[in-house]
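Scroll down for the structure; my scribbles are underneath it.
Numbers here are sequence positions counted from 1. Basis for what follows: all heavy atoms, side chains included, without hydrogens, waters or symmetry-related copies.
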Amino acid sequence: QVQLVESGGGLVQAGGSLRLSCVASGRTRSMYAMAWFRQAPGKEREFVAAITWSWQTGTHYADSVKGRFTISRSGNKNTGYLQMNSLKPEDTAVYYCAADSSMRGIGLKRREEYDYWGQGTQVTVSS
């Protein structure tokens, strides 16, 4: 089992920045990818960004955040980060951290790919 705890959310004005953190504990050595998803009121949970570090290394982003958000992780891969710059009101959502340890091959942008989820952290961007 892997436990994920997010932090760093809050209220920020449009154009501002926030950095989200996701601390993983438990069987972290089984993880091979970490991702961020978000869910706005009345909308489905959507992919934001993912990072892989096992058999394939790389980062992936939703088109809506490319150039503004950066996903990274600590050297021991137990903590993931999402640096969010140039925030817009439409970025307002609950942001969830997710971890993949099964390599289902469904696709990193799909919720079904991930085995573990955090409880979420609220990000609110005011106009």
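Checked by atom type and distance alone, the side chain of Tyr116 never pairs as donor or acceptor with a backbone atom of Cys97 at under 3.5 Å. Thr124 places no side-chain N or O within 3.5 Å of a backbone atom of Thr92 that could act as its donor or acceptor partner. For the pair Thr121 (side chain) and Gly9 (backbone), a donor-acceptor distance under 3.5 Å is present. A donor-acceptor contact shorter than 3.5 Å links the side chain of Tyr114 to the backbone of Leu108. Checked by atom type and distance alone, the side chain of Glu113 pairs as donor or acceptor with a backbone atom of Gly105 at under 3.5 Å. With hydrogens and angles disregarded, no donor-acceptor distance shorter than 3.5 Å links the side chain of Arg38 to the backbone of Val94. One N or O on the side chain of Glu6 and one on the backbone of Gly120 form a donor-acceptor pair closer than 3.5 Å. Counting only distance, with no hydrogens or angles, the side chain of Thr28 and the backbone of Asn78 share no donor-acceptor pair below 3.5 Å.
Hydrophobic clustering (side-chain heavy atoms under 4.5 Å, transitive across Ile, Leu, Val, Met, Phe, Trp, Tyr) keeps Val2 apart from Ile106. Val123 and Val23 fall into different hydrophobic clusters, where Ile, Leu, Val, Met, Phe, Trp and Tyr side chains are chained together by heavy-atom contacts under 4.5 Å. By the criterion of side-chain heavy atoms lying less than 4.5 angstrom apart, applied directly or through intervening Ile, Leu, Val, Met, Phe, Trp or Tyr residues, Tyr81 is not grouped with Val48; the two fall into different hydrophobic clusters. Hydrophobic clustering (ILVMFWY, side-chain heavy atoms < 4.5 Å, transitive): Leu18 and Val5 are in distinct clusters. Residues Tyr61 and Ile51 are members of one and the same hydrophobic cluster, defined by side-chain heavy-atom contacts under 4.5 angstrom among Ile, Leu, Val, Met, Phe, Trp and Tyr.
Shortest non-hydrogen contact noted between Met34 and Ala24 is CE-CB, 4.4 Å. When all heavy atoms of Leu4 and Ala99 are compared, the closest pair comes out as CD1-N, 3.7 Å. Summarising the geometry of Ser17 relative to Asn85, their closest heavy-atom pair is OG-OD1, 2.9 Å, with the distance given to 0.1 Å. Between Ala93 and Ala40, the closest heavy-atom pair is CB-N, 3.8 Å. The nearest pair of heavy atoms linking Ser127 to Ala14 is CA-CB, 4.4 Å.
Counting non-hydrogen atoms of other residues, nucleotides and ligands closer than 6.0 Å to CD of Glu112 gives a total above 12.
The distance from atom CZ of Phe69 to atom CG of Leu20, rounded to the nearest 0.5 Å, is 8.0 Å. A distance of 10.5 Å separates NE2 in His60 from NZ in Lys66, rounded to the nearest 0.5 Å. Ser86 contributes atom OG, which lies 7.0 Å from atom CZ of Arg68 (distance to the nearest 0.5 angstrom). One finds the CZ atom of Arg29 at 14.0 Å from the OG atom of Ser101 (value rounded to the nearest 0.5 Å).
Residues Met31 and Trp53 meet the side-chain proximity criterion, which asks for heavy atoms closer than 4.5 Å. Contact check for Arg110 versus Phe47: no side-chain heavy atoms found under the 4.5 Å cut-off.
Salt-bridge formation is not detected for the pair Lys88/Asp91: no Lys NZ or Arg NE/NH1/NH2 atom is positioned less than 4.0 Å from an Asp or Glu carboxylate oxygen.
Between Phe37 and Tyr96, a ring centre-to-centre spacing not shorter than 6.0 Å is recorded.
Figure legend: cation-pi geometry between Arg45 and Trp117, with NZ or CZ positioned under 6.0 Å from the six-membered ring centre and within 45° of its axis.
In this structure Ser30 satisfies the side-chain hydrogen bond (donor to acceptor under 3.5 Å, both in side chains) test with no other residue, sequence neighbours excluded. Arg19 pairs by the salt bridge (Lys or Arg N to Asp or Glu O under 4.0 Å) definition with nothing, not counting sequence neighbours. Considering only residues two or more places apart in sequence or on other chains, Ser21 meets the side-chain hydrogen bond (donor to acceptor under 3.5 Å, both in side chains) condition with none of them. With sequence neighbours excluded, no residue forms a salt bridge (Lys or Arg N to Asp or Glu O under 4.0 Å) with Glu44.
Listed by first and then second residue, the salt bridge (charged side-chain N to carboxylate O under 4.0 Å, His left out) pairs that reach into residues 98-108 are Arg104-Asp115, sequence neighbours excluded. The salt bridge (charged side-chain N to carboxylate O under 4.0 Å, His left out) contacts involving residues 116-127 comprise nothing, where partners must be two or more places apart or lie in separate chains.
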